[in-house]
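A note on names: the letters A, B, ... follow the listed sequences, proteins ahead of strands, and every chain is numbered from 1.
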Protein chains: 2
Amino acid sequence: MPDRGEGGGRREPTMRDVAALAKVSVKTVSRVVNDLPGAGTEVADRVRAAARTLGYRPDLTASSLRRADRRSATIGVLFEDLSNPFDAALLRAVEDRARQGGVLVLAGSSEDDHTLQRELLLSLAARRVDGVVVMAAGGHQDALQAERERGTPMVLVDRPPTFGGTDCVTTTNRDSSRDAVTRLAALGHRDIAFLGDRRTLWTSQERYTGYLEGLARTGLTLREELVHADLHGADLAETATAALLGLGRPPTALFTAQNLITVGAMRVLRAHGLQHRVALIGFDDFPLADMLDPGVTVVRQDVPGLGRKAAELVFARIDGDTSPPVHAVVPAALVPRGSGEIAPPA
Amino acid sequence: MPDRGEGGGRREPTMRDVAALAKVSVKTVSRVVNDLPGAGTEVADRVRAAARTLGYRPDLTASSLRRADRRSATIGVLFEDLSNPFDAALLRAVEDRARQGGVLVLAGSSEDDHTLQRELLLSLAARRVDGVVVMAAGGHQDALQAERERGTPMVLVDRPPTFGGTDCVTTTNRDSSRDAVTRLAALGHRDIAFLGDRRTLWTSQERYTGYLEGLARTGLTLREELVHADLHGADLAETATAALLGLGRPPTALFTAQNLITVGAMRVLRAHGLQHRVALIGFDDFPLADMLDPGVTVVRQDVPGLGRKAAELVFARIDGDTSPPVHAVVPAALVPRGSGEIAPPA
DNA sequence: CTGAAAGCGCTAACAA
DNA sequence: TTGTTAGCGCTTTCAG
């Protein structure tokens with residue numbers, strides 16, 4: 001690499017350069033490049049040749065600036081943490097759908113933090129994305145609402161909006177939780193603990209409500225000391241599980257309402273040698289859940305389904321769909337693997 | 001949402017609108033918005049007020065089009081599969097570093113496919129990204145080389161370029177593999193199998209070479225029938241493992257050179273009830289590897305470290321660093337958890 | 001300290 | 001079928 005190393009002076013060739021070389025007007029080049037009608041077969045070839053020799057590549061940002069629709073062919077995706085398997089799978093599903101339309105994805109992690117989410121949203125807006133798919137941070141959604149009210153096509157995923165006029169896609173949090181608890185009760189469990197994530201998260205609330213419904217349906221009484229909420233991260237989940245096991249009348253079954261919590265609880269059960277004696281059902285599947293001993297029974301969300309649906313909705317809105325906002329619900333399914341099928345001690 | 005639903009007619013306010021309202025020139029608005037010197041305190045306040053009342057937001061694409069540096073404050077990331085935990089963690093690390101500079105990330109999955117990788121690269125180029133971080137698809141790298149030679153700042157991660165003049169960041173594939181095999185040999189294993197990913201991948205080749213070095217160092221002879229390559233996906237890994245176990249003289253230890261392969265092999269060992277009798281060391285850590293029985297001994301890459309380094313390099317190049325290209329190597333570490341510490345049968 | 005004119009690369013709207 | 005003029009929203013250059 002002698003001389004022309006680090007991209008020093010070279011300038012990207014423009015339509016003008018191509019036009020000059022092909023001895024036509026810029027507009028003609030534009031026509032050929034976008035294969036629009038009015039393309040003289042002869043001239044078109046000349047233009048294409050010129051473009052090739054110069055290494056011309058269209059500038060989408062410039063074209064989008066001038067075009068009538070002003071589309072950037074780019075959408076924004078704002079999830080909590082792109083390194084979380086759930087978020088990653090969701091991103092992938094959205095990306096796949098986007099690619100079909102030649103759309104690229106600007107991705108960011110909001111860390112479940114308002115301020116950060118707002119800043120990222122502004123960053124996306126500054127780049128004039130055509131729409132956004134968002135996992136709303138817990139608490140208020142002022143920034144999301146403001147953005148939406150400016151007209152930005154928006155789909156919330158995993159958690160619904162607290163404001164109107166916006167599409168969203170969620171799973172059957174409440175019903176699946178209720179079914180899980182009902183299932184444990186049917187095995188004879190009467191002391192079923194609940195371990196949940198931050199209360200500010202809608203999904204946590206729903207899953208807790210489902211837990212209560214499950215108890216109510218099966219005639220069980222709520223024991224407050226069996227409920228632990230605000231367990232963000234595996235560490236807190238472990239502490240809570242240990243506390244539960246230390247009770248005078250410990251639970252014989254656990255319902256863990258998020259995948260990191262499930263893992264934390266499982267870890268503690270194993271440490272106490274109780275993994276085959278205390279039943280466990282978790283919300284959210286996770287890799288290798290089937291390889292543990294016992295296999296971990298979980299409520300599995302249809303993550304690709306969620307992502308696909310969210311993408312479809314946002315692209316429909318971008319394409320001008322003005323039908324009333326929808327709340328799509330993608331069903332989750334219980335996957336029995338052993339841990340949820342443990343009966344209580346006689 | 002009565003009337004102003006779907007963002008129907010409203011136009012984003014521009015600098016001109018702000019200028020008109022504040023009764024100043026567009027240039028003055030530009031100065032205030034970018035807080036450049038020459039901002040009259042009085043006038044600045046008027047401008048800011050006008051901007052707020054109109055809900056003005058700068059258009060980065062327009063500004064970047066005109067500005068001298070032509071930066072889009074956006075980089076591209078092209079990995080194999082964004083839903084793979086390794087890729088996801090890498091993306092997150094790059095994203096974190098990018099955010100510090102107000103840079104956003106356009107992310108895509110290349111599926112380890114040349115054509116797709118080339119198309120995505122062109123898509124990124126059309127949006128005039130400032131640089132790219134790429135996990136090169138196996139085989140030739142023509143598209144990457146072409147892009148690089150146009151001057152696009154580029155860093156390859158996980159796999160090095162087959163062409164010159166380009167930075168890259170990889171891990172200690174060969175050395176760590178050699179150490180893993182050496183470790184198994186030290187326990188007394190003489191029949192150590194190798195299960196590897198696609199041969200076209202540089203990492204596969206390196207890890208295989210490390211395996212050979214390990215054998216050579218410890219005076220073991222290579223048994224060809226213990227080597228299985230081109231195992232892409234867990235299914236192929238399972239078939240290969242089953243085949244190995246069916247040999248007249250089966251291996252007493254396995255070295256699995258990629259995380260999906262490790263999981264597949266582990267699955268088959270369990271199915272045969274051999275997980276405590278056949279030793280196993282895998283390359284790449286994976287979630288819950290410590291919770292399996294036995295815990296899975298792995299070579300763990302420093303994924304955040306790889307991502308951080310890659311991001312640092314690409315931003316340095318974007319900022320004009322013209323020092324010679326570097327190949328940064330981030331060390332991996334062996335994490336003993338049990339499966340790699342199983343001795344051969346007496 | 002402020003502004004007018006020009007133009008980034010491209011496309012819309014109209015001619016020729 | 002082709003070209004000309006204007007201008008997307010912003011920054012540059014240069015003049016007040």
Side-chain angles (χ1 to χ4, degrees), chain A residues 10-48 50-51 54-74 122 125-130 150, chain B residues 10-48 50-51 54-74 122 125-130 150:
Chain A
R10 265 160 18 263
R11 192 178 53 80
E12 280 272 336
T14 72
M15 273 192 179
R16 251 172 55 173
D17 301 324
V18 178
L21 182 58
K23 303 208 188 300
V24 294
S25 79
V26 193
K27 179 64 204 174
T28 301
V29 178
S30 170
R31 288 202 185 90
V32 174
V33 166
N34 303 304
D35 20 48
L36 291 175
T41 332
E42 197 104 332
V43 188
D45 286 345
R46 221 166 63 229
V47 170
R48 268 187 284 268
L54 290 180
Y56 169 77
R57 295 192 295 185
D59 184 330
L60 194 72
T61 65
S63 114
S64 123
L65 179 62
R66 189 59 180 87
R67 222 167 332 125
D69 59 18
R70 312 254 0 218
R71 298 266 178 87
S72 59
T74 307
L122 291 177
R127 285 157 184 85
R128 297 299 190 259
V129 293
D130 300 329
R150 298 185 70 119
Chain B
R10 269 165 8 266
R11 194 178 53 79
E12 281 270 337
T14 73
M15 273 194 178
R16 250 177 50 179
D17 302 324
V18 178
L21 182 58
K23 304 209 187 299
V24 294
S25 79
V26 192
K27 178 61 206 177
T28 301
V29 178
S30 171
R31 288 203 185 89
V32 175
V33 166
N34 303 305
D35 21 48
L36 292 174
T41 333
E42 199 101 331
V43 189
D45 286 346
R46 221 165 62 229
V47 170
R48 267 187 285 268
L54 290 179
Y56 169 77
R57 295 192 294 187
D59 184 329
L60 195 73
T61 65
S63 111
S64 125
L65 179 61
R66 190 57 182 89
R67 220 166 332 126
D69 59 17
R70 311 254 3 216
R71 298 266 178 88
S72 60
T74 306
L122 291 177
R127 285 160 184 82
R128 297 299 190 259
V129 292
D130 300 329
R150 299 185 71 118

Nearest-Å distance, [atom1] ([X]) to [atom2] ([N])?
X	N	atom1	atom2	value
B/R71	D/dC10	CZ	C1'	18 Å
B/R16	C/dA4	CZ	P	13 Å
A/R57	C/dC10	CZ	P	12 Å
B/L65	C/dC10	CG	P	9 Å
B/D17	D/dC8	CG	P	11 Å
B/R46	C/dC1	CZ	C1'	13 Å

Exercise. Would one find a side-chain N or O of B/T14 under 4.0 angstrom from OP1 or OP2 of D/dG9?
Worked result: no
Exercise. Can you find a side chain N or O atom of B/T28 that sits less than 4.0 Å from OP1 or OP2 on C/dG3?
Worked result: yes
For this session: Just call it for B/P37: base, sugar-phosphate, or nothing, with non-hydrogen atoms closer than 4.0 Å on any strand.
Result: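 Answer is nothing: B/P37 stays at 4.0 Å or more from every strand.
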For this session: If a protein heavy atom is under 4.0 Å from the base, mark B; if only from the sugar-phosphate, S; if neither, -; do that for nucleotides 11-16 of chain C going 5' to 3'.
Result: BBB---
Exercise. Atom CG in A/L122, atom CG in B/L60: separation rounded to 0.5 Å?
Worked result: 12.0 Å
Problem set entry | Donor-acceptor under 3.5 Å (B/R46 side chain, B/A22 main chain) |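 Checking the backbone N and O of B/A22 against the side chain of B/R46, a donor-acceptor pair under 3.5 Å is found.
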For this session: Mark yes or no for whether B/R127, through its side chain, and A/T74, through its backbone, hold a donor-acceptor pair below 3.5 Å.
Result: no
Write down the atom of [X], the atom of [Y], and the distance for their closest heavy-atom approach.
X	Y	value
B/D59	A/L65	OD2-CD1, 4.5 Å
A/D130	A/R71	OD1-CA, 3.4 Å
B/R128	B/S72	O-OG, 2.8 Å

For this session: Verify salt bridge (Lys or Arg N to Asp or Glu O under 4.0 Å) between A/R70 and B/E12, making sure each step is shown before the conclusion.
Result: CA-CA 11 Å; A/R70 312 254 0 218; B/E12 281 270 337; over 6 Å; no
For this session: Please figure out whether B/S25 or A/P13 has its closest DNA chain C nucleotide nearer the 5' end.
Result: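 Its nucleotide being nearer the 5' end, the pick is B/S25.
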Problem set entry | Verdict with reasoning, A/V32 to A/V29, per side chain to side chain contact (heavy atoms under 4.5 Å, CB included) | CA-CA 5 Å; A/V32 174; A/V29 178; 5.8 Å; no
Seminar exercise, completed: Under the rule of Watson-Crick or G-U wobble with both distances under 3.5 Å, where | means paired to another strand and [ ] a crossing pair, DNA chain C maps to ||||||||||||||||
For this session: Verify whether one side chain among B/T61 and B/S64 offers a donor that lies under 3.5 Å from an acceptor in the other.
Result: no
Exercise. So which nucleotide from C/dG9, D/dC10, D/dT2 ends up closest to the side chain of A/D59?
Worked result: C/dG9
